[in-house]
2 protein chains.
Amino acid sequence: MDAQLKALAEPRRRKILELVRDQELPAGEIARRFAVTRPAISQHLTVLREAGLLIERREGTKRLYRADPAGLLGLKRFVDRFWMTGLERLKLEAETEAARGERKDQA
Amino acid sequence: MDAQLKALAEPRRRKILELVRDQELPAGEIARRFAVTRPAISQHLTVLREAGLLIERREGTKRLYRADPAGLLGLKRFVDRFWMTGLERLKLEAETEAARGERKDQA
DNA sequence: GGCTTATGTTAGATGTCGCTAACGTAAGCG
DNA sequence: CGCTTACGTTAGCGACATCTAACATAAGCC
């Protein structure tokens, strides 16, 4: 979850993520919509991808990107935990603990 | 929401926030639980407070801190938006727009 | 193989972050 | 007022992040 929050802490990366939330776009098309150089966007895409927030799909020379909602799962749990108290939170923690055996990492 | 994400991107600040999620604690007591100097914690507390994630209450020379769940509202909306599609998202955006007039800032 | 298109990677400059050490402030007590 | 306790604030340093410019890779076309 650390990588995900660090990735989202950058405003431009949030914009990129929102841009590919509903549509799949090539890197160049994404870069074209911002006022920075293409390499800068490429680096942002790398950060987002390594944080598990982006899905990359290659097609010829193009690389198409799309947001991966599953990547925000850990963050969602963290945030949701602040709207709960007592028993409700205990219940969630039990479920999280139970699901831990099924996942490799990505805490 | 930018300040909130930047604040949460630091692991130690998340630990602090979880520490005062259910209980109200004085700054010194919080600092005592970490392996860094007191000023460092004080700075973290300032960042969290300015991000609207902490509530400060003074009592004599002591300053008591407690997590403010409302501070995570913007982030919660952002995250939730990635689990929705189409009409459901449109509905939320309409509600957000309607509520905008009632709040001062804290986007 | 050459040329173009699409993209990633690296080097280096600048900015920002988190830490410690030293100093400042403010409340309570005698 | 002087002393103590509890915190915040500032200066300065080392580490890391973001940007641009230049170079590298890889697919498709002729």
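First the proteins, then the strands, lettered A, B, ... as listed; each starts at 1.
The pair D2(B)-R14(A) meets the salt-bridge criterion, since a charged nitrogen lies less than 4.0 angstrom from a carboxylate oxygen. Between K15(A) and E18(A), no side-chain nitrogen of the basic residue sits less than 4.0 Å from a carboxylate oxygen of the acidic one, so the salt-bridge criterion is not met.
A straight line from CZ of R38(A) to C1' of dC19(D) spans 14 Å, rounded to a whole angstrom. In this structure, the CG atom of D2(A) is 14 Å from the C1' atom of dC17(C), given to the nearest Å. The distance between atom NE2 of H44(B) and atom C1' of dC17(C), rounded to the nearest whole Å, is 10 Å. The nearest whole Å value for the distance from the NZ atom in K62(A) to the C1' atom in dT7(C) is 12 Å. In this structure, R63(A) atom CZ and dT25(D) atom P are separated by 13 Å, rounded to whole Å.
Residue pairs meeting the ring pair (Phe, Tyr, Trp, His ring centres under 6.0 Å) criterion with at least one partner in residues 25-50 of chain B, sequence neighbours excluded, are absent.
Residue F34(A) is out of contact with every strand shown, counting any heavy-atom pair closer than 4.0 Å. Residue-level contact check: R13(A) touches the backbone only, with heavy atoms under 4.0 Å from sugar-phosphate atoms and none from bases. In this structure, R12(B) reaches the sugar-phosphate backbone alone: every heavy-atom distance under 4.0 Å involves primed, P, OP1 or OP2 atoms, never a base. Residue contacts for P26(A): at a heavy-atom cut-off of 4.0 Å it reaches the sugar-phosphate backbone alone, with no base atom in range. Nucleic acid contact class of A27(A) (heavy atoms, under 4.0 Å, all strands): sugar-phosphate only.
Phosphate contact (OP1/OP2 of dT20(D), side-chain N/O of T37(A), threshold under 4.0 Å): present. Distances shown here put every side-chain N or O of T61(B) at or beyond 4.0 Å from the OP1 or OP2 atom of dA27(C). OP1 or OP2 of dT9(D) lies within a sub-4.0 Å distance of a side-chain N or O belonging to T46(B). The shortest distance between the side-chain N/O atoms of Y65(B) and the OP1/OP2 oxygens of dC7(D) is not below 4.0 Å.
Between F82(B) and P69(A), the shortest heavy-atom contact is O-CB, 3.3 Å.
At a cut-off of 3.5 angstrom, the base of dT10(D) holds at least one donor-acceptor pair with the side chain of Q43(B).
Test R13(B), E56(B), Q43(B) against L48(B) for side chain to side chain contact (heavy atoms under 4.5 Å, CB included) and you get one pass: R13(B).
The number of heavy-atom neighbours closer than 6.0 Å to CZ of R66(A), taken from other residues, nucleotides and ligands shown, is 12 or below.
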Using salt bridge (Lys or Arg N to Asp or Glu O under 4.0 Å), reason through K62(B) and E59(B) one step at a time and then give a plain yes or no. CA-CA 5 Å; K62(B) 294 195 175 179; E59(B) 191 171 284; over 6 Å; no

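The side chain of L45(B) lies closest to dG8(D) when the candidates are dC19(C), dT9(D), dG8(D).
One end of the helix from dG1(C)-dC30(D) to dG30(C)-dC1(D) points its axis 10° away from the other end's axis, with each axis taken from 5 pairs and the angle rounded to 10°.
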